[in-house]
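First the structure, in the form of structure tokens, and then the observations on it.
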Amino acid sequence: MSDKSGGDLAAPGVSLSGAMGFGTREWVTTKSANDQRDALKVLAEETGLAPLALRVCLQRGLTDPGAIADFLNPRLDALTPPGRIKDMERAVVRLAKAKENGEAVRIYGDYDVDGTTGAALLTWVFRDLGVTATAAQPDRFKDGYGLNPGAVEQAHADGCRVLVTVDCGITSFAGALRARDLGIDLIIVDHHQLDPGQGLPNGAFAVLNPQRVDCESGLRQVCGCGLAFYLSVALRGHWRERGWFAQGGEPNLKRHLDLVVMATAADMVPLVGDNRVLVKHGLEVLKHTTKPGVAALMESSGLAKRDLSPSHLGFTLGPRINASGRLASASIALELLTTQDPVRAKELADQLEILNRERMAIQERIWDEIRGRVARDIDAGKFKNGIVVADPGWHEGVVGIVATRITETFRRPAVVIAIHAAEGKGKGSVRSFGGKNVLEALRASARFLTTFGGHAHAAGLSLLVADLENFTTAFDDVLGQMAADPAQLPLMVEGEAKLLDFTVQALSEIERLAPFGPGNAEPVFTIRAQVDSKRVLKDRHLKFILSDPNDHRAHPIEAIWFYGVEKVTASLSTEIDQLDALSEWACVPEVNRFRGVQKPALRVRDRRSI
């Protein structure tokens, strides 16, 4: 287990208890252990797995040994054939023509993790396939999101005849028209939702996007970098058919799953179906990566030679890649992920480490400002359904991270906007909570926005400062009319367990059910335990030793509660002291590996008094 970034607590005197609703979250168990007793006995005999791991299997609908075996061992050959993606053949044939004619290709990736890794993946693959290609990305602050006409004009000036976007382009209508006017064939590789009014960009040569109503691939949950991987598989197959590979010269595309897994984890897409296959194999590839830049990033972030999970990537690697585009230029991360020079890779990884530390400091400062403000506003009756906050002192590059923190703490959708006072404009990020579709909420509030786009659970926007108050009211009203997804509001738990159940063997078996994430949530068990000792880390996190006073056979287990201080109280008062009493804890059990020693550990998700 590793700590996350720290910072200062809220200002003295600011009470968060009412706004946070500490201790009020509902815990829901779909099935009890008693209901599963007979099935557990049979499956234990047939699979050899411990009851704790089998309970997790049953909760996920894995009720027979065959289904469990398939889930534990996802195969690459079970991936959806790339040809099922609409326009794939058209894109492949055009890129083959570019290779034959020696035409220059421009890769254009978004500035986040998905777009950066996707652009890096195509850079490596095109290099192996003999396609002349260069990569570029928009500047978050100057260009904004998507393919802009200026980027198309630059590609034309550089002699490019084909332009391939990754993780952007589906709503870049002006950019697509400019490409058509300049004679550039535009291939859009994107997984974002289409504009319901305008549909596909007019002027695009091919659009690889499973969100299309006429795309029957079933890959709507695959991220942009994942779609770039499918394009690569299709290209290799076409090259093979054309006999373009010399003896033994066919590229191994599996080695690029290190990039796909980083993107998939960062984009928080459901880890089921093809995504589960990609992530399961991608984690293994990542541990043994042959890319100098990825290896340097793993080393600088402290993940080299460690057992990895999607949460490591989401909370450790992803923020470092994102820090490049958030605070400086995304090109730093792109160069890192594509360089073949180990020395240069270390230099770039060190740059990202510095940027990431700066990002964390800015993020924590903004969070501490927002936390008290929102708590007071909620206590005053504001933000009944959604939170909208804005300030000229906030950095545009980190507002999305802070918005996520707001939703986790105050349990409602949030918008965080950085104001550019001189221009009278603001740019912000939106995050959902409770399954509410924030993209639809933005569409319903569009009269107060200049631009917006994204997903149902995460989006971006820009507006005039003069429209901020009206937007805040409209956004809150629209969210109030939306029904929340009941499955996303409570804390879903596997059921009760005892500390004695958490053996290294049982937890190692549960690890085999990974990767965990959306669609395959990490297992949360409830236990009854008391706190033997505790300490506060970085003024935010709580670390405990939990024991079972009713069963002395069970060894005490170390537990950590990230941001536990904030979730319990706004100051180090008697509430934290009261945690010593026997309580019910909702925890994620895991194996803590350190210097060759393995022992059970717990990550606390919630607590309630008995």
Side-chain angles (χ1 to χ4, degrees), residues 106-127 133-148 151 163-170 172 188-192 222-229 231-232 256-269 278 282 285-286 289 291-298 300-301 310 313-340 344-345 347-349 351-353 355-356 359 397-398 400-401 429 454 458 460:
R106 173 63 45 85
I107 305 164
Y108 194 80
D110 187 28
Y111 42 62
D112 69 358
V113 177
D114 194 11
T116 302
T117 53
L121 187 150
L122 289 184
T123 298
W124 283 97
V125 171
F126 285 177
R127 189 185 292 160
T134 54
Q137 293 173 284
D139 184 288
R140 176 189 291 267
F141 308 105
K142 295 178 182 177
D143 303 319
Y145 171 78
L147 177 67
N148 59 81
L163 197 157
V164 183
T165 72
V166 186
D167 194 38
C168 63
I170 197 62
S172 299
I188 295 174
V189 181
D190 197 358
H191 69 127
H192 292 92
V222 172
C223 69
C225 183
L227 291 175
F229 179 78
L231 172 61
S232 302
H256 301 309
L257 289 179
D258 51 359
L259 298 171
V260 177
V261 70
M262 287 191 282
T264 303
D267 247 35
M268 295 296 289
V269 293
L278 294 170
V285 173
L286 184 59
T289 183
K291 295 182 179 65
V294 177
L297 185 63
M298 295 277 285
S300 65
S301 62
L313 312 188
F315 291 113
T316 305
L317 295 186
R320 283 164 171 79
I321 296 173
N322 267 335
S324 174
R326 292 185 189 280
L327 300 185
S329 168
S331 62
I332 300 173
L334 180 59
E335 183 184 355
L336 171 69
L337 298 179
T338 55
T339 184
Q340 296 172 290
R344 179 59 176 160
E347 293 173 353
L348 293 166
Q351 287 185 44
L352 287 190
E353 196 65 27
L355 286 171
N356 189 53
R359 186 269 308 169
V398 302
I401 304 171
S429 290

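- Residue D190 comes nearest to D167 through the heavy atom pair OD1-C, 3.4 Å, listed as atom of the first residue, atom of the second, then distance.
- Taking the six-membered ring where tryptophan is involved, the planes of H192 and Y145 are perpendicular, since the angle between them exceeds 60° and thus also 30°.
- Here the CG atom belonging to L286 is positioned 10.5 Å from the CG atom belonging to L257, to the nearest 0.5 angstrom.
- Considering CD of Q351 and CG of L348, their distance stands at 5.5 Å, rounded to 0.5 Å.
- Among all heavy-atom pairs drawn from T123 and A135, the shortest one is OG1-CB, 3.8 Å.
- Contact annotation: the side chain of V260 never approaches that of T117 to less than 4.5 Å [non-hydrogen atoms, C-beta and beyond].
- Between L147 and L163, the closest side-chain pair of non-hydrogen atoms falls below 4.5 Å.
- If you check the side chains of T116 and Q137, you find a donor sitting under 3.5 Å from an acceptor.
- In this structure a side-chain-to-backbone donor-acceptor pair under 3.5 Å is missing from W124 to A119.
- Rounding to the nearest 0.5 Å gives a distance of 12.0 Å between CG of L355 and CG of N322.
- Proximity of a side-chain donor or acceptor of T165 to a complementary backbone N or O of V189 within less than 3.5 Å is detected.
- The OG atom of S324 sits 9.0 Å away from the CD1 atom of I321 when rounded to the nearest 0.5 Å.
- Formation of a donor-acceptor pair under 3.5 Å by the T339 side chain with backbone atoms of E335 is not found in this model.
- L336 has its side chain out of reach of R344: every pair of non-hydrogen atoms, C-beta onward, lies at least 4.5 Å apart.
- Applying the side-chain hydrogen bond (donor to acceptor under 3.5 Å, both in side chains) test to every pair with at least one member in residues 258-269, sequence neighbours left out, gives these pairs: H191-D267, D258-T289, D258-K291.
- Side chains of R320 and S301: no donor on one and acceptor on the other come within 3.5 Å.
- Between L259 atom CG and L122 atom CG the span is 10.0 Å, to the nearest 0.5 Å.
- Side-chain contact between N148 and Y108: present, with at least one pair of heavy atoms (C-beta onward) separated by less than 4.5 Å.
- The shortest heavy-atom contact between A263 and V113 is CA-CG1, 4.1 Å.
- Using a 4.5 Å heavy-atom threshold, the side chains of D110 and V166 count as separate.
- Nearest heavy-atom pair, A296 versus A345, reported as atom, atom and distance to 0.1 Å: CB-O, 3.7 Å.
- Listed by chain and residue number, P310, L313 satisfy the side chain to side chain contact (heavy atoms under 4.5 Å, CB included) test with A265 (two or more places apart in sequence, or in another chain).
- Pairing each heavy atom of G169 with each of I188, the nearest pair is O-CD1, 3.3 Å.
- Residues G109 and P138 come closest through the heavy atom pair O-CD, 3.2 Å.
- You'll find the side chain of V285 stays beyond 4.5 Å of the side chain of H256, heavy atoms only.
- The salt bridge (charged side-chain N to carboxylate O under 4.0 Å, His left out) test applied to D112 returns no partner, not counting sequence neighbours.
- The distance from atom CG of L337 to atom CD1 of I332, rounded to the nearest 0.5 Å, is 12.0 Å.
- In this structure, the side chain of D114 engages the main chain of C225 through a donor-acceptor pair within 3.5 Å.
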